[in-house]
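Structure, as structure tokens:
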Amino acid sequence: MTTEIRRGSARFLTRSPGMVTHHGFSFGEHYDPERLRFGPMVCHDDHHLGAGRGFETHRHSGLDIVTWVVEGRLAHRDSHGHDAVLSPGEVAVLAAGSGVEHAEHATPDGRARFVQVWLAADPERADAEPSYAVTPAPTAAPGTGLVELVSPQPGAVLSVARLGALETLTLPAAPLLHAYVVSGALTRSSLAEPLAAGDAFLFTGEPAHEVTAAVPTELLVWTFGG
């Protein structure tokens, strides 16, 4: 059983004109052998894009790519004919399967922020036909606890919690759990000093733990292996 606190200040940083990305794991020129993956999670990026900025057409295969829009609007287009504009709170799952090309940009009317996670696909699904699906914004609100959003592959579940100030949430027991502070902050606890936006808990084989919001807070919580 282990608890790791990964601070936002320790995330790798990539900057280019109109774009800033904070990487939770080794990515591109950023390499740390201690930060390669967490279960099937091989990428956890927090992207900030200026109006109209983004990622030109590029190819993926063998991944399930999950995108959560935090603010602004994000346009997606891919080589299998999927064309969508995501709004805050919407979740998109791109199962790259045997291979797909896609592009992502903030819409021209304003900047965008989104959190994107890549999960390594099960080898049995690596050659599957690519697919794309959007889940509407959930009804998560203070007092509703964890609200399940998507389960892009067996045993992998993404949930969201929107907490009011001083509200307590129970993070469930799971073989692996990743809890990311999208906005707001958590108070000091037996687990750690206060957590701020951009910080994350990584639990391995831990029992359920309670966390408390210091201010209105949004958490994205992944569980694996349940």
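By convention here, the first residue in the shown sequence is residue 1.
- With rounding to the nearest 0.5 angstrom, the CE atom of Met41 is 14.0 Å from the CG atom of Leu36.
- Between Glu148 and Ser159, the shortest heavy-atom distance links the atoms CA-OG, 3.5 Å.
- Looking at Thr217, its side chain never comes within 3.5 Å of a backbone N or O of Gly184 through a donor-acceptor pair.
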Verdict with reasoning, Leu149 to Thr135, per side chain to side chain contact (heavy atoms under 4.5 Å, CB included): CA-CA 7 Å; Leu149 298 173; Thr135 299; 5.5 Å; no
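- Within 6.0 Å of atom CZ in Arg35, more than 12 heavy atoms from other residues, nucleotides or ligands are found, so the atom counts as buried in its surroundings.
- Of the possible polar contacts, none joining the Asp78 side chain to the Glu101 backbone as a donor-acceptor pair under 3.5 Å is found.
- Ring geometry for His60 versus Trp118: interplanar angle over 60°, hence perpendicular rather than tilted (30 to 60°).
- Here the closest heavy-atom approach between residue Glu56 and residue Ala103 is recorded as C-CB, 4.0 Å.
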> What's the verdict on side chain to side chain contact (heavy atoms under 4.5 Å, CB included) for Thr67 and Leu94, showing C-alpha distance, side-chain angles and the deciding distance?
Replying inline: CA-CA 8 Å; Thr67 301; Leu94 174 63; over 6 Å; no
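- In terms of heavy-atom proximity, Gly164 sits nearest to Pro142 at N-CB, 3.7 Å.
- Residue Ala174 comes nearest to Leu177 through the heavy atom pair CB-CB, 4.5 Å, listed as atom of the first residue, atom of the second, then distance.
- The main-chain N or O of Ala156 is found under 3.5 Å from a side-chain atom of Ser151 such that the two form a donor-acceptor pair.
- Within 6.0 Å of atom CZ in Arg37, more than 12 heavy atoms from other residues, nucleotides or ligands are found, so the atom counts as buried in its surroundings.
- Under a cutoff of 6.0 Å and an axis angle of 45°, Arg11 and Phe27 do not form a cation-pi pair.
- Under the 3.5 Å distance criterion, the side-chain polar atoms of Glu206 are matched with a main-chain donor or acceptor of Thr2.
- No donor-acceptor pair under 3.5 Å is formed between the side chain of His47 and the backbone N or O of Met19.
- Paired with Asp46 under the rule side-chain hydrogen bond (donor to acceptor under 3.5 Å, both in side chains), one option of Arg113, His22, His23, Gln116 passes, and it is Arg113.
- Tested against His44 for a ring pair (Phe, Tyr, Trp, His ring centres under 6.0 Å), the candidates Phe25, Tyr180, Trp222 yield a single pass: Tyr180.
- From Leu13, atom CG reaches atom NE2 of His30 across 7.0 Å, with rounding to the nearest 0.5 Å.
- Put simply, CG on Leu171 and CZ on Phe203 are 5.5 Å apart, with the number rounded to the nearest 0.5 Å.
- In this structure, Glu167 contributes its side chain and Gly143 its backbone to a donor-acceptor pair below 3.5 Å.
- A tilted orientation is assigned to the rings of His76 and His102, their planes being inclined by 30° to 60°.
- Listed here is the closest heavy atom pair of Ala106 and Leu49: N-CD1, 3.8 Å.
- Atoms CG and OG, on Leu74 and Ser87 in that order, are 10.0 Å from each other to the nearest 0.5 Å.
- Closest approach of Gly99 to Pro130, counting heavy atoms only: O-CG, 3.3 Å.
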### Query
Please walk me through it: do Val100 and Tyr132 pass side chain to side chain contact (heavy atoms under 4.5 Å, CB included)?
CA-CA 10 Å; Val100 62; Tyr132 182 78; over 6 Å; no
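- If you take OG1 on Thr204 and NE2 on His178, they are separated by 11.0 Å, rounding to the nearest 0.5 Å.
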